[in-house]
**Student:** 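The structure that follows is given in the form of structure tokens.
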Amino acid sequence: MVVSRGFHGKRRGGDAKRVPPGQYVTRDFPVLSAGPTPRTRLTDWTFTIEGAAQQKSWTWDEFRALPTETLTADIHCVTRWSKLDTRWQGVSVDTLLDQVEYDAAYILAFCDGGYTTNLPLEAVTGGKAWVVFGYAGAPLPPEHGGPTRLLVPQLYFWKSAKWVRGLELRATDTPGFWEMYGYHNYGDPWREQRYAGD
């Protein structure tokens, strides 16, 4: 894992009702990646839903024409930092899935750089997840997953996959990148589900 600028050590505090056990609050936005940062030109970018009755893809312009939402959420990294009141803009996963017919119980998010993460469908539907393109009123920068990342704020932040390019709808679960390396399959910060067996 590469730990780069923005990581300045532990600063504890914050509302105990908003900060899961074992976490500390930071004002920084640490950058942690498993490899080099992909940089995709928007003219080459697409987002695809696979595994539906028919595959569906959007270009950048088509994706940006979809209904968007602005949200504020607390995020919690498995490396124990939490950042409160982060502001995002994006498209709800519900909006994307409304465009296809499917019978699935899980998704596998796939990304530039070969990264994947797995989630039960119930964790990303019902207003629980977004594909975000904006952060703090500006385009999402590549180091934080831009042009788009998955945002699933109720789970540890590795489940909010950077550089996301699509969702594969699946009948069965399959481990993603970090899950194959021993991270927890679900990743609930309130239950401290950091690693397999937690």
Side-chain angles (χ1 to χ4, degrees), residues 20 34 45-60 62-78 86 88-135 140 144-198:
W45 184 94
T46 58
F47 189 89
T48 303
I49 295 180
E50 299 178 355
Q54 290 189 320
Q55 180 171 295
K56 175 71 175 175
S57 293
W58 294 266
T59 65
W60 179 256
E62 290 167 341
F63 180 81
R64 290 293 283 108
L66 293 170
T68 62
E69 298 178 17
T70 300
L71 64 141
T72 300
D74 301 337
I75 55 175
H76 311 289
C77 184
V78 71
T86 60
W88 306 88
Q89 186 179 16
V91 177
S92 169
V93 170
D94 295 311
T95 296
L96 298 170
L97 294 182
D98 282 347
Q99 308 291 313
V100 297
E101 292 183 23
Y102 62 92
D103 181 13
Y106 300 92
I107 65 157
L108 186 69
F110 55 92
C111 310
D112 285 332
Y115 181 78
T116 58
T117 194
N118 59 307
L119 292 151
L121 195 63
E122 64 186 17
V124 297
T125 53
K128 296 177 190 167
W130 298 262
V131 175
V132 294
F133 52 80
Y135 174 72
L140 183 64
H144 289 306
T148 55
R149 82 178 293 158
L150 186 63
L151 179 66
V152 191
Q154 74 273 17
L155 300 179
Y156 279 124
F157 208 42
W158 92 80
K159 291 290 189 176
S160 294
K162 292 181 177 181
W163 314 301
V164 69
R165 295 293 295 274
L167 305 175
E168 179 187 349
L169 294 159
R170 300 180 54 87
T172 58
D173 198 12
T174 187
F177 178 88
W178 286 116
E179 295 81 9
M180 287 190 292
Y181 284 97
Y183 277 48
H184 197 276
N185 202 51
Y186 188 68
D188 183 343
W190 294 97
R191 298 172 66 186
E192 296 193 79
Q193 292 177 334
R194 293 183 170 86
Y195 305 107
D198 286 349

**Student:** Stepwise, does the side chain to side chain contact (heavy atoms under 4.5 Å, CB included) test hold for Glu101 with Gln54?
**Tutor:** CA-CA 7 Å; Glu101 292 183 23; Gln54 290 189 320; over 6 Å; no
**Student:** Determine whether Val152 and Leu150 make a side-chain contact, defined as any pair of heavy atoms from C-beta on separated by less than 4.5 Å.
**Tutor:** yes
**Student:** Would you indicate whether the side-chain heavy atoms of Lys159 and Leu119 approach each other to under 4.5 Å?
**Tutor:** yes
**Student:** Should we count CG of Asp98 as having more than 12 external heavy atoms under 6.0 Å?
**Tutor:** yes
**Student:** Going from CD1 on Ile75 to OG1 on Thr86, what distance comes out if it is rounded to the nearest 0.5 angstrom?
**Tutor:** 4.5 Å
**Student:** Roughly how far apart are Asp188 CG and Leu155 CG, rounded to 0.5 Å?
**Tutor:** 6.5 Å
**Student:** Compare every heavy atom of Ser160 with every heavy atom of Pro153, then report the nearest pair and how far apart it is.
**Tutor:** N-OG, 4.5 Å
**Student:** Just verifying a value: how many Å separate Glu168 CD and Thr48 OG1, rounded to the nearest 0.5 Å?
**Tutor:** 11.5 Å
**Student:** If I take atom NZ from residue Lys56 and atom OH from residue Tyr102, how far apart are they, to the nearest 0.5 angstrom?
**Tutor:** 15.0 Å
**Student:** Parallel, tilted or perpendicular: which describes the rings of Trp58 and Phe47, with under 30° parallel and over 60° perpendicular?
**Tutor:** tilted
**Student:** Please determine whether side chain to side chain contact (heavy atoms under 4.5 Å, CB included) holds for the pair Val91 and Phe63, giving the CA-CA distance in whole Å, both sets of side-chain angles, and the decisive distance to 0.1 Å.
**Tutor:** CA-CA 8 Å; Val91 177; Phe63 180 81; 3.7 Å; yes
**Student:** Would you please classify the geometry between the Trp190 ring and the His76 ring as parallel, tilted or perpendicular, with 30° and 60° separating the classes?
**Tutor:** perpendicular
**Student:** Could you report the tightest heavy-atom contact between Pro67 and Thr95, atom names first, then the distance?
**Tutor:** CD-CG2, 4.1 Å
**Student:** How close do Trp163 and Gly146 get, counting heavy atoms only, and between which atoms?
**Tutor:** CD1-O, 3.2 Å
**Student:** Under 4.5 Å between any side-chain heavy atoms of Arg165 and Thr46, yes or no?
**Tutor:** yes
**Student:** Is it true that Glu192 and Arg194 have a side-chain N and a carboxylate O under 4.0 angstrom from each other?
**Tutor:** yes
**Student:** If you define the side chain from C-beta out and look only at heavy atoms, does anything of Thr148 sit under 4.5 Å from Leu140?
**Tutor:** no
**Student:** With a cut-off of 6.0 Å (strictly less than), are more than 12 heavy atoms of other residues, nucleotides or ligands near OH of Tyr181?
**Tutor:** no
**Student:** Does the side chain of Leu121 come within less than 4.5 Å of Ile107's, by heavy atoms?
**Tutor:** yes
**Student:** Evaluate side chain to side chain contact (heavy atoms under 4.5 Å, CB included) for Gln193 paired with Tyr186, printing each intermediate quantity in order.
**Tutor:** CA-CA 7 Å; Gln193 292 177 334; Tyr186 188 68; 3.4 Å; yes
**Student:** Compute the ring centroids of Trp88 and Phe133, then answer whether they are less than 6.0 Å apart.
**Tutor:** no
**Student:** Rounded at 0.5 Å granularity, tell me how far CG in Asn118 sits from OG1 in Thr172.
**Tutor:** 10.5 Å
**Student:** Cation-pi check, Arg149 to Phe157: give yes when NZ or CZ is under 6.0 Å from the six-membered ring centre and within 45° of the ring axis, no otherwise.
**Tutor:** yes
**Student:** Minimum heavy-atom separation for Ala171 and Ala105, please, with both atom names.
**Tutor:** O-CB, 4.1 Å
**Student:** Less than 6.0 angstrom separating the ring centers of Trp178 and Tyr183, yes or no?
**Tutor:** yes
**Student:** What's the separation between atom CD in Gln89 and atom CD in Glu69, rounded to the nearest 0.5 Å?
**Tutor:** 10.0 Å
**Student:** Grab the two heavy atoms, one from Gly176 and one from Leu108, that are nearest each other, plus how far apart they are.
**Tutor:** CA-CD1, 4.2 Å
**Student:** Any side-chain heavy atom of Trp45 within less than 4.5 Å of one from Thr59?
**Tutor:** no
**Student:** When you compare the side chain of Leu66 with that of Leu96, does any pair of heavy atoms fall below 4.5 Å?
**Tutor:** yes
**Student:** Checking Leu151 against Leu71 for the side chain to side chain contact (heavy atoms under 4.5 Å, CB included) test, could you report, in this order, the C-alpha distance in whole Å, the side-chain angles of both residues, the deciding distance, and whether it holds?
**Tutor:** CA-CA 11 Å; Leu151 179 66; Leu71 64 141; 3.8 Å; yes
**Student:** Is the closest side-chain donor-acceptor distance between Trp158 and Glu179 under 3.5 Å?
**Tutor:** yes
**Student:** Would you say Thr125's side chain and Asp94's backbone share a donor-acceptor pair under 3.5 angstrom?
**Tutor:** no
**Student:** Are the side chains of Asn185 and Asp173 in touch, meaning some heavy atoms are under 4.5 Å apart?
**Tutor:** yes
**Student:** Determine the minimum heavy-atom distance between Pro20 and Pro189, stating which atoms define it.
**Tutor:** CB-O, 3.4 Å
**Student:** Counting distance only, does the side-chain N/O of Ser92 pair as donor-acceptor with the main-chain N or O of Gly127 below 3.5 Å?
**Tutor:** no
